[in-house]
Protein chains: 2
Amino acid sequence: MLDKSHKHVTCATCGARKDSLFGSFCDHDVELTNEQKTCAYFKKGQAIFIEGSFPRGVFCLNQGKVKVFTRGDEGKEQIIHIAKEGEIIGFRAMFSGEAYKVSALTLEECNICYIAKDDFLNMIDTNSTLRNGIMKELSKELGDRAVFITNMAQKSVRERLAFALMILGDIYGDEQINLTREDMANFVGTATETLIRLLKDFKDEGIIEIHTRKLEILDQEKLIHLAGK
Amino acid sequence: MLDKSHKHVTCATCGARKDSLFGSFCDHDVELTNEQKTCAYFKKGQAIFIEGSFPRGVFCLNQGKVKVFTRGDEGKEQIIHIAKEGEIIGFRAMFSGEAYKVSALTLEECNICYIAKDDFLNMIDTNSTLRNGIMKELSKELGDRAVFITNMAQKSVRERLAFALMILGDIYGDEQINLTREDMANFVGTATETLIRLLKDFKDEGIIEIHTRKLEILDQEKLIHLAGK
DNA sequence: AAAAAAAAATGATTTTAATCAGCTTTCATT
DNA sequence: AATGAAAGCTGATTAAAATCATTTTTTTTT
């Protein structure tokens with residue numbers, strides 16, 4: 001259970017900060033950020049922001065995982081990204097001047113900090129390292145999404161599942177992958193039933209181990225091979 | 001037939017510049033850019049840059065259309081974007097520090113200018129309007145690609161074709177859409193045969209008119225309706 | 001601990017779109 | 001204008017994955 005007091009996160013001691021975009025901040029900048037940010041505890045399944053609304057600031061994940069998704073015509077979610085500790089989310093719409101094109105929802109209990117739009121834009125203007133980091137991040141994601149689109153168009157569901165499991169393996173690190181079958185299906189871009197059947201195949205082939213809800217990757221090599229290029 | 005002399009494009013008189021990211025440049029900046037850029041004529045089907053190589057500069061389309069695509073496992077192209085006059089392409093990989101994740105190939109005769117990496121990065125550093133424009137562009141595209149991914153995952157080929165035709169209609173403006181069936185299929189993310197059959201359906205339903213190679217959109221409303229959200 | 005709700009799993013069936021094979025038209029080149 | 005190549009088209013067949021209908025298991029709530 002996470003601390004719900006809202007007060008205990010301090011940028012200077014934040015474990016998530018070091019591999020975040022704020023990682024290279026000097027002491028002064030860390031202190032400034034610490035004063036500008038507010039913290040909040042989010043319970044599992046809570047919305048951080050919703051497609052169609054306009055951003056008023058950015059969110060910085062201190063603890064917990066978040067799904068970022070769009071909804072298609074029939075309301076079905078397509079998960080675009082799963083964000084983990086250290087990630088800053090919601091800055092795209094701030095730069096584009098548009099409404100959010102995606103929604104963000106916690107997948108587990110989270111501690112999330114918030115920096116108001118003006119403060120964040122001011123940071124970007126005055127801190128070229130942060131700015132370059134943001135531009136690099138935007139660009140990297142753009143490339144990843146080109147690959148994502150191609151995978152959706154050309155790979156079989158089986159290949160996409162292998163690919164997705166590799167990504168999830170990275171995100172969850174030494175924890176076990178912990179998603180509902182439905183979320184996983186919405187990440188792979190398939191029907192829940194199809195996903196379930198394929199997971200069983202992967203289990204039978206010794207690629208993964210299923211502990212009810214949680215998944216463990218046993219054979220990384222086979223996954224790489226299955227996922228293709 | 002375009003001018004092949006390589007010398008006739010001048011930023012100050014460039015028709016494509018006004019709605020480009022360079023559109024708001026002051027006279028001084030226009031002159032500077034003009035000195036830094038070089039121009040080249042590309043014939044139809046020529047490569048501008050190739051997936052896997054590293055960028056040395058950015059390209060600015062003065063005249064002509066360019067397809068931007070990745071190749072899947074079996075070498076099949078997935079067209080991610082079709083760039084037209086005024087667009088700057090190839091800057092993503094420059095910011096991300098990675099190799100190109102996409103290739104760019106001319107769809108017709110093109111006049112394309114080139115600005116070397118250092119010059120361009122210098123512009124970005126010193127010109128905040130350009131910089132903000134680039135960040136806005138990166139962000140907008142990132143949002144578009146989230147939608148693209150969702151369309152691929154959830155829409156039928158018929159819906160995707162309607163969506164693609166709307167985009168192509170915008171790109172080609174008052175010209176008629178002029179792509180091979182294969183390129184169009186690779187944009188929609190389907191087999192060429194399937195695309196051909198669907199185009200015929202659309203023709204029979206009075207949505208488009210087919211002039212051998214070129215397509216004309218007759219019923220925009222119906223397309224919007226068909227494409228869904 | 002029981003009840004209710006949510007998530008996971010399974011089987012049967014249908015649908016969509018890919019693939020394969022062959023044919024025709026158009027375009028580019030000599 | 002003739003030739004070859006590329007692009008476009010058509011029909012038949014197959015394969016992949018979605019959908020539908022239930023059942024079982026797990027999780028949450030009372």
Side-chain angles (χ1 to χ4, degrees), chain A residues 1 43-46 67 72-78 105 107-109 150-164 176-204 208-215 226 228, chain B residues 1 43-45 67 72-78 105 107-109 150-162 164 176-204 208-215 226 228:
Chain A
M1 199 61 119
K43 58 187 176 192
K44 184 175 171 174
Q46 222 179 324
K67 65 174 169 180
D73 292 6
E74 266 92 64
K76 188 180 158 80
E77 296 179 7
Q78 173 61 44
L105 219 117
L107 286 168
E108 46 190 71
E109 294 189 298
T150 308
N151 285 350
M152 286 307 227
Q154 298 186 10
K155 283 192 201 293
S156 65
V157 175
R158 189 177 153 88
E159 290 170 312
R160 295 208 303 270
L161 174 58
F163 194 84
Q176 294 190 356
I177 297 167
N178 184 10
L179 281 177
T180 65
R181 299 291 187 265
E182 192 180 355
D183 279 337
M184 213 176 296
N186 290 342
F187 185 39
V188 173
T190 189
T192 308
E193 296 94 322
T194 303
L195 179 109
I196 287 169
R197 283 180 248 260
L198 284 170
L199 279 183
K200 208 179 74 177
D201 290 350
F202 278 22
K203 193 194 72 180
D204 292 345
I208 59 170
E209 206 161 83
I210 301 180
H211 308 109
T212 42
R213 175 70 188 269
K214 292 178 180 175
L215 298 187
L226 269 180
Chain B
M1 201 60 121
K43 57 187 177 192
K44 185 176 171 173
K67 65 174 170 181
D73 292 6
E74 266 93 62
K76 188 180 158 78
E77 296 179 7
Q78 174 60 45
L105 218 117
L107 287 168
E108 46 191 71
E109 295 190 296
T150 308
N151 286 349
M152 285 308 229
Q154 299 186 10
K155 284 192 201 290
S156 65
V157 176
R158 188 178 153 89
E159 292 170 311
R160 295 208 304 269
L161 173 57
Q176 295 189 357
I177 297 167
N178 185 10
L179 281 177
T180 65
R181 299 292 187 263
E182 192 180 355
D183 279 338
M184 214 177 296
N186 289 343
F187 185 39
V188 173
T190 189
T192 308
E193 297 93 324
T194 303
L195 180 108
I196 287 168
R197 283 181 248 260
L198 284 171
L199 279 183
K200 207 178 75 173
D201 291 348
F202 279 22
K203 193 194 73 181
D204 292 345
I208 59 170
E209 206 161 82
I210 302 180
H211 308 108
T212 40
R213 176 67 190 270
K214 292 178 179 174
L215 298 187
L226 269 179

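Being a predicted model, the structure only gives us computed values, none of them experimental. Values below: all heavy atoms of this structure, side chains included; hydrogens, waters and symmetry mates excluded. The sequence lines fix the lettering, A, B, ..., with proteins before strands; numbering per chain opens at 1.
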key: Estimated bend of the helix from C:dA1-D:dT30 to C:dT30-D:dA1 (axis per five terminal pairs, rounded to 10 degrees)   = 60°

A:K200 vs C:dA8: side-chain N/O to OP1/OP2 distance below 4.0 Å = no

Whole-Å gap separating P (C:dT10) and CG (A:L199) = 11 Å

Anything under 3.5 Å between a protein N or O and an N or O of nucleotides 22-30 of chain C, put it in a table, one pair a line.
none

Rounded distance [0.5 Å steps], CE in A:M184 versus OG1 in A:T190 = 12.5 Å

Sequence-distant partners of A:E209, side chain to side chain donor-acceptor pair (under 3.5 Å), two or more places apart = A:H211

key: Heavy-atom check, side chain of B:N186 versus side chain of B:K67, under 4.5 Å   = no

Could you write out each protein N or O paired with an N or O of nucleotides 12-18 of chain C at a distance under 3.5 Å?
unit_1	atom_1	unit_2	atom_2	d
C:dA17	OP1	B:V157	N	2.7
C:dA18	OP1	B:T190	OG1	3.2
C:dA18	OP2	B:T190	OG1	2.7
C:dA18	OP2	B:A191	N	3.3
C:dA18	OP2	B:T194	OG1	2.7

query = For DNA chain D, which nucleotides open and close the run of contacts to chain A, 5' to 3', at under 4.0 angstrom from a non-hydrogen atom?
reply = D:dA17 to D:dT26

inquiry  = Is it the case that the side chain of B:R181 and the backbone of B:T192 share a donor-acceptor pair, with hydrogens and angles ignored and the cut-off at 3.5 Å?
reply    = no

inquiry  = Among residues at least two apart in sequence or on other chains, which ones pass side chain to side chain donor-acceptor pair (under 3.5 Å) with B:S156?
reply    = B:E159

ask   = How long is the line joining CD1 of A:I210 and P of C:dA9, in whole Å?
value = 6 Å

remark   = By side chain to side chain contact (heavy atoms under 4.5 Å, CB included), B:A191 pairs with (sequence neighbours left out) B:E193, B:T194

inquiry  = Taking side chain to side chain contact (heavy atoms under 4.5 Å, CB included) as the definition, give me every residue that meets it alongside A:T180, ordered by chain and number, with sequence neighbours left out.
reply    = A:E182, A:D183, A:R213

query = Looking at residues at least two apart in the chain, or sitting in another chain, which of them share a side chain to side chain donor-acceptor pair (under 3.5 Å) with A:D201?
reply = none

note = Rounded to the nearest 0.5 angstrom, the NZ-CD distance for A:K214 and A:Q176 is 6.5 Å

query = What pairs with B:K203 under side chain to side chain contact (heavy atoms under 4.5 Å, CB included), at least two apart in sequence or on another chain?
reply = B:I208, B:I210

query = For A:K200, what residues pass the side chain to side chain contact (heavy atoms under 4.5 Å, CB included) criterion, not counting sequence neighbours?
reply = A:D204

ask   = How would you list, by chain and number, every residue that makes a side chain to side chain donor-acceptor pair (under 3.5 Å) with A:N151, sequence neighbours excluded?
value = none

query = Starting at CD of B:E74 and ending at P of C:dC20, how long is that distance when rounded to a whole Å?
reply = 11 Å

query = Side chains of A:D73 and B:Q154: does their closest heavy-atom pair fall under 4.5 Å?
reply = no

Spacing of A:D201 atom CG relative to C:dT10 atom P, expressed in whole Å = 11 Å

